[in-house]
Colleague: 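I have a structure I would like to understand better, so I am pasting it below and will then ask my questions one at a time.
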Amino acid sequence: MFDTLSDRLTSVLQNLRGKGRLTDADIDATAREIRIALLEADVALPVVRTFISRVKDRAKGAEVSAALNPAQQVVKIVNEELVAILGGETRRLNLAKNPPTVIMLAGLQGAGKTTLAGKLAKWLKGQNHTPLLVACDLQRPNAVNQLQVVGSRAEVDVFAPEPGNGVGDPVDVARRAIDEARRTQHDIVIVDTAGRLGVDEELMRQAADIKVAVGADEVLFVVDAMIGQDAVSTAEAFRDGVGFTGVVLTKLDGDARGGAALSVREVTGAPIMFASNGEGLGDFDAFHPDRMASRILG
Ligand code: GDP
């Protein structure tokens, strides 16, 4: 992820090195190169436009700095603007004053929700929380079982509908899970919901119903970074159909160009809160815009 973008940006910025002074023409040429690099990395066009215009304006108006030469100054501006489109500050989980905190996961099938449920539970357990995983994906025959497997690997409890009760009502399961969490003193409830291969209305309605029924403190939209531009349109559909408070990017370990990571925050306004970069339960961490920007700029 980001390798090509990173190489391109580094070389564009390196071309400025050694210039004692940057003319507007130098800045325009650099901005053009950066624009191409971002578009090739699959960053959404409106995000590219905003980014380039901010970089250009700031670079042209840059104060002469005693500490930085002109090239370094442009690098600094590009870095700061990357951090800004990635969301600025690291956004922490919003914990409920009266536990349990309810975190709901939503996204397309295959985005990595169930895996993420395990990763997040393990991560929270490491911070002395006592998470309860809740199986509300009752569409896919194997989903409940998959969550149980993930839960046992993460060594956390799983609340699932009793087998043999038909498909069951996910809203009812979610409600009962919260009662159970209160009774058994789990301070965080992570609700795994059903996904479809494509966005569909019933899926949206179900997720929205669960969200309201459990009074979710956080709704995390889980998106596979490998799906490129589709990540942005899917995010917009979930924003309008369900609404979410944060984004989790999965499969950052994949060989993708990174456009999703760079677009989703700016397009939806919701912060990227976590990132997954592998199939193992430990391949997961809070998302830090500044670290990601540094990684991109090499
Ligand atoms: P769900 O349908 O949204 O619940 O998705 P799953 O959790 O079942 O994940 C779908 C597939 O993606 C599984 O094979 C996971 O092992 C894999 N997966 C999930 N997260 C990651 C990740 O960060 N990196 C990689 N490489 N694979 C992942």
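Counting starts at 1 for both ligands and their atoms, following the listed order. Index from 1, following the sequence.
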Colleague: Less than 6.0 Å separating the ring centroids of F274 and F284?
Modeller: yes
Colleague: Are K76 and E80 within salt-bridge range, i.e. N to O under 4.0 Å?
Modeller: yes
Colleague: Just distance, no hydrogens or angles: give the donor-acceptor pairs under 3.5 Å from side chains in residues 221-228, sequence neighbours left out.
Modeller:
{"residue": "D224", "atom": "OD1", "partner": "M226", "partner atom": "N", "Å": "2.7"}
{"residue": "D224", "atom": "OD2", "partner": "K251", "partner atom": "NZ", "Å": "3.4"}

Colleague: Hey, is R58 close enough to E81 for a salt bridge, meaning N to O under 4.0 Å?
Modeller: yes
Colleague: Which residues pass the ring-ring contact (aromatic ring centres under 6.0 Å, His included) test with F51, not counting sequence neighbours?
Modeller: none
Colleague: Report all side-chain donor-acceptor pairs from residues 28-37 shorter than 3.5 Å, counting only partners two or more places apart or in another chain.
Modeller:
{"residue": "D28", "atom": "OD1", "partner": "K60", "partner atom": "NZ", "Å": "2.8"}
{"residue": "T30", "atom": "OG1", "partner": "D26", "partner atom": "O", "Å": "2.8"}

Colleague: I'd like the residue list for ligand 1, meaning every protein residue with a non-hydrogen atom under 4.0 Å from the ligand.
Modeller: L108, Q109, G110, A111, G112, K113, T114, T115, K119, R140, Q146, K251, D253, S276, N277, G278, E279
